Amino acid sequence: MNVLVTGGAGYVGSHAAKLLAREGHELWIYDNLVFGHRGAAPAGRLIEGDLLDFDKLAGVLREKEIDAVMHFAAFAYVGESVTDPAKYYRNNVLGTLSLMEAMRATGVSKIVFSSTCATYGEPDSVPIRETQPQRPINPYGFTKLVIEHALADYTRAYGWGYAALRYFNAAGASADGDIGEDHDPETHLIPLILQVALGQREKVTIFGDRLPTPDGTCIRDYIHVDDLATAHLAALGKLEKGTELKLNLGTGRGTSVREVIDACREVTGHPIPADVAGPRAGDPPSLVADPSSALQALGWKAKFTEIRPIVESAWKWHKAHPKGYGDRG
Ligand code: UDP
C-alpha cells in the first residue's frame, strides 16, 4: 500500500514507518519537525509540512497516490495542554480535521489514528476495557476523543474505515538501536531515569508514594514501541469500508514507578538516586489495559510483556545516542 505517515519523524510514528518499509509498503512521512526529528525518518521519504496546510496535504495525497493514512502527528504534553489548550485544539483537532478534509477531497478513506488511554480519564476500574466510559480529565485527552468521534461520524457518513488505537505508555526503542525516544522537554519516566544513568541528571523524582497501589507508587502499562508498530500494521490490514476499530494497546500488565526504577538500576548498573514528591496533578494511580479486544480483532498481542527487556532496548538507544538525534537548537 501507499501509506502517508503523519508524524512519522516522531517517536511512535518513526517505529511504525520503519516497520511499514520493512514489510514492503511504499511510505511517505509528513511532519512539520516541531517535535519530530529529520534523523528519525527513512532517507528520502520526509515531506516537511503542517497538518493545517490543506493544499499541501491534498497535493501529497494525490501525487503519491496514497491508499491509507497513519496519523501520529499531534502534540502530547498533558501539562502543556492544560496551560495552553489553544495550541492543542488547533494542532490536534483543527490539524486532524484539515487532514480528514484533505482525505475527503482526494478520496482517501482509510486511517489508523493514534489515540490514548488518556481518553478514559480516571477509570472506574482496571484493567480498562474499551467499553469503559471515556471521560478525559485534560485537554490533550479531549482533543483525541473529539477525533475519535469525528472518525466514527465520517466513517458512517462517507464509508470510511478507521482504527483508533488507544496507547497506554509507549516505551523502549527499536531493537537495532538506530531510532528511539527523544523528546524536548523530556517528561517521560523511563528516559528521565536513563538520563540519570547517563550522568545528565542527578536523580529522578517519584511522583507520589502513598497512592492506593501495592508499593504506593503509580502503576502504568508500558508497551514497547515496536509492539505498537505491529498493531498499526495489523489494523491497517483490516480496514475496509465501514470498519470501526477502537482498541486498547497495552500489555495487560502494570508496573509501578519503583519497579521501573529498579529495572533501570539492574539494566544500567547505576544506583539511580530517587526522591519522592507529591503526586502529579491529574495522574490516576493505576492505568492498565485489558488488551483482549486487540487480540480478538487483530490477532495482536504485545511481545514485550516484562519491563526489563523494554528498558534494555531503551538503554541501548540512549547509550548510543546520549544527545538523542542531536538536532536540538
Ligand atoms: N513519573 C514519576 N516521575 C517522573 C515522571 C513520571 O514518578 O519524573 C510517573 C508518573 O506519575 C506516571 C508514570 O511515572 O505515573 C509514567 O509517567 P509518564 O510521564 O512517563 O507517562 P504518563 O503515564 O504520564 O503518560
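Just so it is clear, the structure is predicted and the values come from calculations on it, not from any experiment. In this chain, numbering begins with 1 at the start of the sequence shown. Counting starts at 1 for both ligands and their atoms, following the listed order.
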Under 3.5 Å, is there a donor-acceptor pair between the Thr155 and Glu244 side chains? no

When you look for heavy atoms under 4.0 Å from ligand 1, do you find them on the side chain of Tyr222, its backbone, both, or neither? side chain

Checking side-chain contact (heavy atoms from CB on, under 4.5 Å) against His25, which of Leu19, Leu233, Asn2 comes through? Leu233

Take the angle between the ring planes of Phe35 and Phe75 and call it parallel below 30°, perpendicular above 60°, tilted in between. perpendicular

Which residue supplies the protein heavy atom nearest to atom 24 (O) of ligand 1, what is that atom called, and how far is it? Arg280 NH2, 2.7 Å

Run down the list Phe207, Tyr77, Phe168 and name the one with the heavy atom closest to atom 2 (C) of ligand 1. Phe207

For the 3.5 Å polar cut-off, considering only N or O atoms, please tell me whether Ile206 and ligand 1 meet it. no

Heteroatom proximity flag, Thr205 to ligand 1, N/O under 3.5 Å: yes

Contact atoms of ligand 1, heavy-atom distance to Val257 under 4.0 Å: 7 (O), 9 (C), 14 (O)

Which bit of Leu192 gets closer than 4.0 Å to ligand 1, counting heavy atoms only: side chain, backbone, both or neither? side chain

Does Tyr120 have Arg135 sitting over its ring (NZ/CZ under 6.0 Å from centre, angle to axis within 45°)? no

Around atom 20 (O) of ligand 1, find the nearest protein heavy atom and jot down its residue, atom name and distance. Leu189 N, 2.8 Å

Decide yes or no on salt bridge (charged side-chain N to carboxylate O under 4.0 Å, His left out) for Asp176 and Lys18, but give the supporting numbers first. CA-CA 11 Å; Asp176 59 18; Lys18 192 175 163 110; 2.6 Å; yes

Is it possible for you to check whether Lys110 lies under 6.0 Å from the centre of the six-membered ring of Tyr162, through NZ or CZ, and within 45° of that ring's axis? no

Atoms of ligand 1 less than 4.0 Å from Cys218 heavy atoms? 15 (O)

Check ligand 1 against Thr187 and write out every atom of the ligand that is under 4.0 Å from a heavy-atom position of the residue. 5 (C), 19 (O)

Is the distance between the ring centroids of Tyr11 and Trp317 less than 6.0 Å? no

Distance in Å, Leu198 CG paired with Lys323 NZ, rounded so as to fall on 0.5 Å steps: 11.0 Å

What part of Arg220, side chain from CB on, backbone N/CA/C/O, both or neither, has a heavy atom under 4.0 Å from ligand 1? side chain

The protein heavy atom nearest to atom 11 (O) of ligand 1 is Asp283 OD2, 2.5 Å

Out of Asn169, Asp221, Ile219, whose heavy atom is nearest to atom 23 (O) of ligand 1? Asn169

Co-membership, hydrophobic cluster, residues Val69 and Val112, 4.5 Å side-chain: no

